[in-house]
Amino acid sequence: MGIKDSFYNFNVDKEVYNELLKQIGGERFEKVDYVLVHNIIYAGYEYALEIGFKPHKNFTNITINILEEDT
């Protein structure tokens, strides 16, 4: 389905951050390099466009402006 949804949080305290991780299953997360995540997101975005799926409005309104440009 490509980019189904996206969200962001900035400048939250540690308690809020830990609660957010718990809500989204953060115990299964691993720290990875930004470039890897960037490339995975843009690859999903481009693939979805190729097969006719439009990205979630939060991606085109917010997330694409937070990520570095895809070069």
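Just so it is clear, the values below take in all heavy atoms, side chains as well, and ignore hydrogens, waters and symmetry mates.
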Next item on the list: Report the relative orientation of the aromatic rings in Tyr42 and Tyr45; use parallel for angles under 30°, tilted for 30 to 60°, perpendicular for over 60°.
Entry: perpendicular
Notebook entry, point to check: Can you name the residues that form a salt bridge (charged side-chain N to carboxylate O under 4.0 Å, His left out) with Lys22, not counting sequence neighbours?
Noted result: Glu19
Listing, residues 56-69 side-chain donor-acceptor contacts under 3.5 Å, not counting sequence neighbours, or none:
| unit_1 | atom_1 | unit_2 | atom_2 | d |
| --- | --- | --- | --- | --- |
| His56 | ND1 | Asn58 | N | 3.0 |
| Asn58 | ND2 | Ser6 | O | 3.3 |
| Thr60 | OG1 | Lys57 | O | 3.3 |
| Asn61 | ND2 | Lys57 | O | 3.2 |
| Thr63 | OG1 | Ser6 | OG | 2.6 |
| Asn65 | ND2 | Asn61 | O | 3.1 |

Next item on the list: Apply the side chain to side chain contact (heavy atoms under 4.5 Å, CB included) test between Asn39 and each candidate in Leu36, Ile41, Val35; give the one that qualifies.
Entry: Val35
Note to self: Could you work out, with salt bridge (charged side-chain N to carboxylate O under 4.0 Å, His left out) as the rule, every residue matching Glu46, not counting sequence neighbours?
What the structure shows: none
